[in-house]
Amino acid sequence: MSTIGLIMDLGLAGLLVATIVLAVRLHRKLEGLKGGHDELRLLVEGLNEATRRAQAGIIELRMAAEASAARLGNQIEAARKSSDELSLLVASANNLADRLVRAGSGGRPADSASRAGAASDQGILRALKDVR
């Protein structure tokens, strides 16, 4: 019986050695996974920081766009006012040119027309001053 016991002990020792080898290999793989876990954690932290910076950049861009829109709106309003003033000036100049043409071609009737035109020019000038 001692031979059978010895064979069983050797078999059991072989199985224990195989178990130890597998345990060592498993331990190495788990250490590798733990290192990968730490790398993944660092990667996620970096991604979170990049996301925070991107959100801050978006907020800054939004504020800059709103400020630009306000400035552009002010410039558009000023341009509209200038356009209105120029339209009034062009109308006044056309009126004056018409009076000059009539004055050069006629004589006395142009004087009464020029007086009426002068009154309307005064009205236009008053409107321009009110716009400013």
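Note that the coordinates shown come from a computational prediction; the quantities given were computed from them, not determined experimentally. When reading the values below, keep in mind they use all heavy atoms of this one structure, side chains included, and skip hydrogens, waters and symmetry mates.
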Worked verdict on Leu42 versus Asp38 for side chain to side chain contact (heavy atoms under 4.5 Å, CB included): CA-CA 6 Å; Leu42 291 174; Asp38 291 339; 5.6 Å; no
His37/Leu33 under side chain to side chain contact (heavy atoms under 4.5 Å, CB included): CA gap, chis, key distance, verdict: CA-CA 6 Å; His37 181 264; Leu33 285 175; over 6 Å; no
Worked check of side chain to side chain contact (heavy atoms under 4.5 Å, CB included) between Met8 and Ile4: CA-CA 6 Å; Met8 287 183 75; Ile4 292 178; 4.1 Å; yes
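Atoms CD and CZ, from Glu39 and Arg41 in turn, are 10.5 Å apart once rounded to the nearest 0.5 Å. Atom CG of Asn48 is separated from atom CG of Leu43 by 9.5 Å, given to the nearest 0.5 angstrom. With values rounded to the nearest 0.5 angstrom, Ile58 atom CD1 is found 9.5 Å from Thr51 atom OG1. Rounding to the nearest 0.5 angstrom, the gap separating the CE atom in Met63 from the OG atom in Ser68 is 11.5 Å. For the atom pair CD of Gln75 and CZ of Arg71, the computed distance is 8.0 Å after rounding to the nearest 0.5 Å. Within the model, atoms CG of Leu15 and CD1 of Ile20 stand 11.5 Å from one another, a figure rounded to the nearest 0.5 Å.
Salt bridge status for Glu85 with Lys81: absent, with no side-chain N to carboxylate O gap under 4.0 Å. Electrostatic pairing of Arg52 and Glu49 counts as a salt bridge here, judged by a charged N lying under 4.0 Å from a carboxylate O.
Judged by distance alone, with hydrogens and angles left aside, the side-chain atoms of Ser92 form no donor-acceptor pair with the main-chain N or O of Leu88 at under 3.5 Å. Between the side chain of Ser87 and the main chain of Ser83, a donor-acceptor pair closer than 3.5 Å is present.
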